[in-house]
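Provided herewith is a single structure, encoded as structure tokens, for subsequent inquiry.
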2 protein chains.
Amino acid sequence: MIFVTFSIILHKSKLKSMSSESRCENCIIRQFNSLRAMSKEELKQVSDSKTSKSYKRGEAIFEEGEKLNGVFCVRDGVSKLSKLSSNGKDQIVKLATKGEVMGQRCVIAEETSNLSAVAVNDMELCFIPKEVIINTLHKNPDFTFEVLRLMAHDLREADDVIVNISQKTVKQRIAEAFLYLKSNYGEDADGYLVLTLSREDIANVVGTATESCIRIISEFKKKGLLKSSGKKLGILDEKKLRELAEGF
Amino acid sequence: MIFVTFSIILHKSKLKSMSSESRCENCIIRQFNSLRAMSKEELKQVSDSKTSKSYKRGEAIFEEGEKLNGVFCVRDGVSKLSKLSSNGKDQIVKLATKGEVMGQRCVIAEETSNLSAVAVNDMELCFIPKEVIINTLHKNPDFTFEVLRLMAHDLREADDVIVNISQKTVKQRIAEAFLYLKSNYGEDADGYLVLTLSREDIANVVGTATESCIRIISEFKKKGLLKSSGKKLGILDEKKLRELAEGF
DNA sequence: TCGAAAAGGTGACAAATATCATATATATTT
DNA sequence: AAATATATATGATATTTGTCACCTTTTCGA
């Protein structure tokens with residue numbers, strides 16, 4: 001009997017301490033996405049209905065064609081959102097990072113996902129059931145507007161990607177990809193990019209064959225634009241890389 | 001006295017008949033875009049503040065980098081939305097047709113336009129000042145949600161474009177472009193596409209050189225997939241064209 | 001309706017990129 | 001630590017696509 005009581009207390013205190021970290025109301029990540037426009041009340045609803053999930057590197061989060069019953073809020077790690085083309089190659093359309101919400105489009109448009117999501121490194125996600133999202137979308141115009149604002153931004157970025165892919169050479173796009181990786185994920189103390197992507201992933205981001213990608217990275221290393229150490233890659237000459245990307 | 005009364009009646013009836021055509025409340029076009037989620041009151045506001053504009057083929061509606069003070073609702077005609085790449089070529093990102101609203105993103109994100117819009121054929125547009133739109137966005141969740149839904153759809157389409165451009169050959173993309181033109185704009189009684197684009201425009205849609213585009217269209221004509229009469233082009237063998245686009 | 005300008009068309013060639021084959025290095029499993 | 005799988009690397013070659021030059025046809029304004 002004593003044991004039982006003790007166990008309950010332990011359980012409760014564990015729950016409490018978890019909650020102050022894991023409650024949406026206290027989550028800092030939220031500041032970077034549309035959830036910041038939610039009211040205290042709405043956030044409580046989200047928090048009560050959400051579940052946390054961990055994914056190992058390489059694990060699938062959802063698949064193309066799958067029906068999503070909610071959205072995923074990225075707490076940690078990076079996910080690649082890609083689409084399979086008819087010739088069997090994956091095209092990475094977007095990298096989703098800490099703070100971003102995945103799967104919104106499916107929930108909003110009530111369609112199956114047009115993309116699949118795979119963890120690039122180990123990830124922590126919160127899964128929020130769609131009912132809460134849709135409910136808030138219909139009740140809180142500020143939230144809806146915030147989602148809209150972010151989606152407008154995504155669409156603008158998509159336009160840029162279209163223009164880049166169709167008008168720039170593979171070399172330019174790869175140079176650009178490295179500048180993107182640096183400015184979005186930064187570099188460590190030794191000047192290596194924090195986010196390490198495989199050559200294949202980089203190829204799938206810029207839309208080229210893996211071999212072509214490897215070849216160009218080798219060339220960049222020979223020319224002193226990039227350095228490598230193990231799997232890690234680092235930028236040595238950002239200025240030249242930028243000039244290359246712009247087409248000089 | 002009798003004459004005056006009569007004239008007033010005539011005038012009123014004339015106004016009435018004009019308004020029933022040009023008032024947003026009665027506009028059928030609206031059914032195809034986000035404005036259908038507006039209330040009677042909101043539509044009146046829009047109607048009172050909107051201005052109608054005509055554009056001739058080839059005329060610019062707005063330019064890349066321009067700040068838009070409102071949105072354009074397409075009543076008739078087609079507009080190409082394009083972006084200039086650093087190498088000096090235009091990439092057409094979208095064709096906007098009857099019922100679609102252009103310039104929403106700029107108004108929502110309060111940014112300058114990332115695209116420029118040019119009339120492909122003669123156009124009739126309604127210009128709606130941004131104040132009315134923003135006002136409604138903040139007050140009417142249904143409207144905001146509707147805009148969001150349509151933007152989610154646009155984003156999905158943009159993803160598809162990215163995958164197509166980066167993974168399919170020019171020939172496949174041109175085949176696809178013709179299928180798109182047929183399914184979206186239809187064909188006339190003689191089997192010619194209703195929307196006639198120049199070879200250069202088609203090249204800018206699929207992201208290739210004008211010469212390559214011309215060459216492939218010639219090839220398609222020789223192979224009996226397309227026919228032409230003057231500027232008009234028509235699809236002769238949709239099945240083969242579809243197979244080609246899919247990569248068989 | 002004439003003449004310039006724009007659009008459409010084609011050949012020759014160069015450049016970019018993909019593909020295939022094969023080798024080596026690195027990571028992972030047992 | 002050996003065995004296996006996976007990622008990276010590189011050469012040879014084929015294919016695709018772009019570029020330049022030039023020509024013909026159509027369009028459109030004076």
Side-chain angles (χ1 to χ4, degrees), chain A residues 56-59 80 85-91 118 120-122 164-175 177 193 196-223 226-234 244-245 247, chain B residues 56-59 80 85-91 118 120-122 164-175 177 193 196-223 226-234 244-245 247:
Chain A
K56 291 246 166 282
R57 182 162 73 86
E59 240 184 298
K80 53 181 177 184
S85 78
S86 51
N87 72 19
K89 272 198 183 163
D90 250 352
Q91 172 70 34
V118 172
V120 170
N121 43 32
D122 292 354
N164 276 339
I165 286 197
S166 84
Q167 307 278 10
K168 292 196 172 179
T169 64
V170 172
K171 204 175 285 183
Q172 288 180 301
R173 272 138 59 198
I174 291 180
L193 292 167
T196 301
L197 293 178
S198 70
R199 314 292 149 112
E200 192 181 359
D201 278 345
I202 298 174
N204 290 346
V205 167
V206 305
T208 189
T210 308
E211 296 97 320
S212 302
C213 181
I214 289 173
R215 235 182 276 275
I216 288 169
I217 290 177
S218 300
E219 187 192 323
F220 284 178
K221 284 199 286 187
K222 275 187 202 130
K223 285 189 181 164
L226 297 177
K227 62 179 176 180
S228 68
S229 162
K231 302 215 77 173
K232 289 206 152 299
L233 283 164
L244 226 163
Chain B
K56 288 248 167 279
R57 183 162 73 85
E59 241 184 296
K80 52 181 177 184
S85 78
S86 50
N87 72 19
K89 272 201 184 161
D90 250 351
Q91 173 69 35
V118 172
V120 170
N121 43 32
D122 292 353
N164 275 340
I165 286 196
S166 84
Q167 307 278 10
K168 293 195 171 179
T169 64
V170 172
K171 205 175 284 185
Q172 289 180 302
R173 273 137 59 199
I174 291 180
L193 293 168
T196 301
L197 293 178
S198 70
R199 314 292 150 113
E200 191 181 0
D201 279 344
I202 297 172
N204 290 345
V205 166
V206 303
T208 190
T210 308
E211 295 96 323
S212 301
C213 182
I214 288 173
R215 236 181 276 276
I216 289 170
I217 290 178
S218 298
E219 188 192 323
F220 284 177
K221 284 198 287 186
K222 273 185 204 132
K223 284 189 181 161
L226 297 178
K227 62 179 175 178
S228 68
S229 161
K231 304 216 77 174
K232 290 207 152 299
L233 283 165
L244 227 163

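Fair warning: this is a prediction, and the values are worked out from it, not measured in the lab. Chain naming here is simple, since letters A, B, ... match the order of the sequence lines and numbering starts at 1 in each.
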Contacts of type salt bridge (Lys or Arg N to Asp or Glu O under 4.0 Å), residue B:E219, not counting sequence neighbours
B:K171, B:K223

Gap between atoms CD and C1', on A:E219 and D:dT8 respectively (whole Å):
16 Å

Please report, rounded to the nearest Å, how far the P atom of C:dT17 is from the CD atom of B:Q167.
14 Å

For A:K222 and B:V170, find the nucleotide of DNA chain D closest to each by heavy atoms; which residue's nucleotide sits nearer the 5' end?
A:K222

Apply the side-chain contact (heavy atoms from CB on, under 4.5 Å) test between A:I202 and each candidate in A:I214, A:I217, A:I216; give the one that qualifies.
A:I217

I'd like to know if the side chain of B:S229 and the backbone of B:K232 have a donor-acceptor N/O pair within less than 3.5 Å.
no

Name the pairs: protein N/O against N/O of nucleotides 25-30 of chain D, kept only if under 3.5 Å.
unit_1, atom_1, unit_2, atom_2, d
D:dC28, OP1, B:R57, NH2, 2.8

Can you check the B:E200 CD to C:dA7 P distance for me, whole Å?
6 Å

I need the CD1-C1' distance between B:I216 and D:dT15, as an integer number of Å.
13 Å

For A:G207, is there any backbone N or O sitting under 3.5 Å from a side-chain donor or acceptor partner on A:R173?
yes

For B:K56, does its backbone N or O pair with a side-chain atom of B:D122 as donor and acceptor, under 3.5 Å?
no

Expressed as a whole number of angstroms, how long is the span from B:F220:CZ to C:dG9:P?
14 Å

Divergence of helical axes at both termini of the helix from C:dT1-D:dA30 to C:dT30-D:dA1 - five pairs an end, 10° steps
50°

For atom CD1 of B:I174 and atom P of C:dG8, their distance in whole Å
13 Å

Check this one for me: any side-chain N or O of A:K89 less than 4.0 Å away from OP1 or OP2 of C:dT19?
yes

Which atoms form the tightest heavy-atom contact between B:R199 and B:C213, and what is the distance?
O-SG, 3.5 Å

Whole angstrom value for the distance that separates P of C:dA15 from CD of A:Q172:
16 Å

Close approaches to DNA chain C from residues 201-215 of chain B, in residue order (heavy atom, under 4.0 Å)
B:E211, B:I214, B:R215

Any base atoms under 4.0 Å from A:K221, or only sugar-phosphate, or nothing? Heavy atoms, all strands.
sugar-phosphate

Using a 4.5 Å cut-off on heavy atoms from C-beta on, say whether the side chain of A:R215 contacts that of A:T208.
no

Suppose we screen for side-chain contact (heavy atoms from CB on, under 4.5 Å). Which residues come up paired with A:V205, at least two apart in sequence or across chains?
A:I92

The salt bridge (Lys or Arg N to Asp or Glu O under 4.0 Å) partners of B:D90 (sequence neighbours excluded) come to none

In whole Å, what is the span from the NZ atom of A:K171 to the P atom of D:dT17?
19 Å

Distance-minimising heavy-atom pair for A:G58 and A:V118:
O-CG1, 3.5 Å

Quick check: do A:I165 and A:Q91 have side-chain heavy atoms less than 4.5 Å from each other?
yes

